[in-house]
Trainee: 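One structure, pasted below without further comment.
As a basis for the values below, the full set of heavy atoms in this structure was taken, side chains included, without hydrogen atoms, waters or symmetry mates. All ligand and atom numbering here is 1-based and tracks the order in the structure. Sequential numbering from 1 along the given sequence is applied to the chain's residues.
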Amino acid sequence: MQIADVRVITSCPGRNFVTLKIVTDEGVYGIGDATLNGRERAVAAYLEEHVAPLLIGRDARRIEDAWQLLYRGAYWRRGPVTMRAIAAVDVALWDIKAKAAGMPLYDLLGGKSREGVLVYGHANGADIEETCDEVERYIGLGYKAVRAQSGVPGLDKPYGVGRGQMFYEPADAALPTETIWSTSKYLDHTPKLFEALRDRVGFGVELLHDAHHRLTPLEAARLGKSLEPYRLFWLEDVTPAENQEAFRLVRQHTVTPLAVGEIFNTLWDCKDLIQEQLIDFIRTTVVGAGGITHLRRIADFAAVWQVRTGCHGATDLSPVTMGAALHFDTWVPNFGIQEYMRHTAETDAVFPHAYRFEAGLLFPGDTPGHGVDIDETLAAKYPYDPKQLPIARLEDGTMWNW
Ligand code: GCO
Ligand code: MG
């Protein structure tokens, strides 16, 4: 089974997505996601100019060899552009293999470890009251786990509070929107949010929160400690993790579970975090970390240290990544939770998919492959519309982490 055609499809059905389609000489094709929010064209060019020529004529069944070729063969390793390109090829090849075998991908990976995939939705509001109302709305929709982010008094456009209710779309302008950040205002406010939430909804629902890389290790430790009475499922990205050892300080001070990894590309980015048991959940997903082939290695490594998975699932991860991640989640023994931000109706129409939500769980469906396709004719009606993520500055103008 040889690779006959490799196509990169860039489209904006509500937001931008880069999709890879690999077609074999036997007619079976596979789909992969290569979207890198705000930097889409870099991955598209990497695939078109440097990867596609290497794939034509290769045996589509040799997934591992293709992965090693693209990883080792580039000489320049890791990084979000390279690893997303590798992920797109890898996921498309797993899709082809599973379709050729007539199996849903989870079967090829080793079969179901669970019936459904626990997901968390995103509730956000301008203030504590509105956020509590939104969390209740998610509970009403059947969610068993909800991430809560709220506006902070005195801060315009804090992270996680956006337009639209069922999803939050941060990449909102051709040039980055500037936002202002104050750690002290945020740290004073956030425990009040979770106190109000537990008063309102009790302890029967899992609550999560994302600090989005804004805090120093000591500030992160303080936040974790102050949230302990509200028993969060996890506290995410409390401090940037380029320096993995930073988490040791956080860990020494709090038993609030920690999640990190949506911006990691390989096992090398989380090796110390995992083996030193500095985190509880690893957030990498298929498109972020080199596809099924590499994510599986991360998950197996994490299992040794009782670290569970919590795949990134924001709207910038296309339905293709969601489909592949759900098959992965259905198989992976050390599963924790899956993030689920709904896509718009236009996105869902361009990517027909087999997965479905029911009573707080997502189900990948039983279609052979990962169960997500692309309607290329419809995709062509939505031309690329460049958008970037916001940036954050401190109140005195200092550039900060968004
Ligand atoms: C999350 C994330 C996202 C990112 C987004 C950037 O936890 O869902 O932090 O909302 O900000 O994926 O493109
Ligand atoms: Mg996050």
Trainee: Verify the distance test for Glu236 against the Mg ion (ligand 2): any N/O/S atom under 2.8 Å, yes or no.
Mentor: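 Under 2.8 Å: Glu236 contacts the Mg ion (ligand 2) through an N, O or S atom.
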Trainee: What is the name of the N/O/S atom in Glu262 that sits closest to the Mg ion (ligand 2)?
Mentor: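 Of all N, O or S atoms in Glu262, the Mg ion (ligand 2) lies closest to OE1.
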Trainee: Please list the nearest protein heavy atom to atom 13 (O) of ligand 1 with its residue and the distance rounded to 0.1 Å.
Mentor: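 Answer for atom 13 (O) of ligand 1: Asn37 ND2, 2.8 Å.
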Trainee: Who's the nearest protein heavy-atom neighbour of atom 12 (O) of ligand 1, and how far?
Mentor: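 Looking at atom 12 (O) of ligand 1, the protein heavy atom closest to it is Asp316 OD1, 2.8 Å.
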Trainee: Would Arg214 pass as a cation-pi partner of Trp400, given that its NZ or CZ must be under 6.0 Å from the six-membered ring centre and within 45 degrees of the axis?
Mentor: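 No, Arg214 and Trp400 do not form such a contact.
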Trainee: What about Trp402: any of its N or O atoms under 3.5 Å from an N or O on ligand 1?
Mentor: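 No: no nitrogen or oxygen of Trp402 is under 3.5 Å from one in ligand 1.
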Trainee: For His312, is the nearest heavy atom under 4.0 Å from an atom of ligand 1?
Mentor: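 Yes; His312 lies near enough to ligand 1 that a heavy-atom distance drops under 4.0 Å.
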Trainee: Run the numbers for me: atoms of ligand 1, each under 4.0 Å from some heavy atom of Arg147, listed by number.
Mentor: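 Reading through ligand 1 atom by atom, the close ones are 1 (C), 7 (O), 8 (O).
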Trainee: Do me a favour and list the nearest non-hydrogen protein atom to atom 10 (O) of ligand 1 with residue, atom name and distance?
Mentor: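 Checked against all protein heavy atoms, atom 10 (O) of ligand 1 sits closest to Tyr159 OH, 3.2 Å.
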Trainee: Quick check on the 6.0 Å ring-centre criterion: do Trp234 and Phe281 meet it?
Mentor: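 Yes, the ring of Trp234 comes within the 6.0 Å limit of the ring of Phe281, centre to centre.
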Trainee: Arg15 and side-chain hydrogen bond (donor to acceptor under 3.5 Å, both in side chains): which single residue from Thr347, Asn37, Asp385, Asp316 fits?
Mentor: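 For Arg15, the side-chain hydrogen bond (donor to acceptor under 3.5 Å, both in side chains) test succeeds with only one of Thr347, Asn37, Asp385, Asp316, which is Asn37.
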Trainee: Can Glu219 and Thr216 be counted as having a side-chain donor-acceptor contact under 3.5 angstrom?
Mentor: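 Note: Glu219 and Thr216 side chains meet the donor-acceptor criterion.
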Trainee: Looking at His353 versus Phe351, is the centre-to-centre ring distance below 6.0 Å?
Mentor: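 No.
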Trainee: Within ligand 1, which atoms have a heavy atom of Glu236 less than 4.0 Å away?
Mentor: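 Result: 7 (O).
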Trainee: In terms of heavy-atom contacts, does CZ of Arg200 have more than 12 from other residues, nucleotides or ligands at under 6.0 Å?
Mentor: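 Atom CZ in Arg200 is crowded, with more than 12 foreign heavy atoms closer than 6.0 Å.
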Trainee: From atom 1 (C) of ligand 1, work out which of Glu169, Glu262, His213, His212 has a heavy atom at the shortest distance.
Mentor: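 Considering heavy atoms of Glu169, Glu262, His213, His212, the nearest to atom 1 (C) of ligand 1 sits in Glu262.
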Trainee: Has Asp237 got an N/O/S atom less than 2.8 Å from the Mg ion (ligand 2)?
Mentor: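 Under 2.8 Å: Asp237 has no N, O or S contact with the Mg ion (ligand 2).
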Trainee: Of all the N, O or S atoms in Asp210, which has the shortest distance to the Mg ion (ligand 2)?
Mentor: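 Looking only at N, O and S atoms of Asp210, the one nearest the Mg ion (ligand 2) is named OD2.
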Trainee: With heavy-atom distances below 4.0 Å as the criterion, list the atoms of ligand 1 near Glu339.
Mentor: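 With Glu339 as reference, the close atoms of ligand 1 come out as 1 (C), 7 (O), 8 (O).
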Trainee: Looking only at the side chains, is there a donor atom on one of Thr254 and Glu228 sitting less than 3.5 Å from an acceptor on the other?
Mentor: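 Thr254 vs Glu228: donor-acceptor pair found between side chains.
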Trainee: Within ligand 1, which atoms have a heavy atom of Arg283 less than 4.0 Å away?
Mentor: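 Those of ligand 1 that fall under 4.0 Å from Arg283 are 1 (C), 7 (O).
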Trainee: Tyr230 ring centre to Arg198 NZ or CZ under 6.0 Å, with the angle to the axis within 45°?
Mentor: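 Verdict for Tyr230: no cation-pi partner in Arg198.
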Trainee: By the definition side-chain contact (heavy atoms from CB on, under 4.5 Å), identify the one residue from Ile263, Asp210, Leu258, Leu215 that meets it with Asp237.
Mentor: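 With Asp237 as partner, side-chain contact (heavy atoms from CB on, under 4.5 Å) holds for just one option, Asp210.
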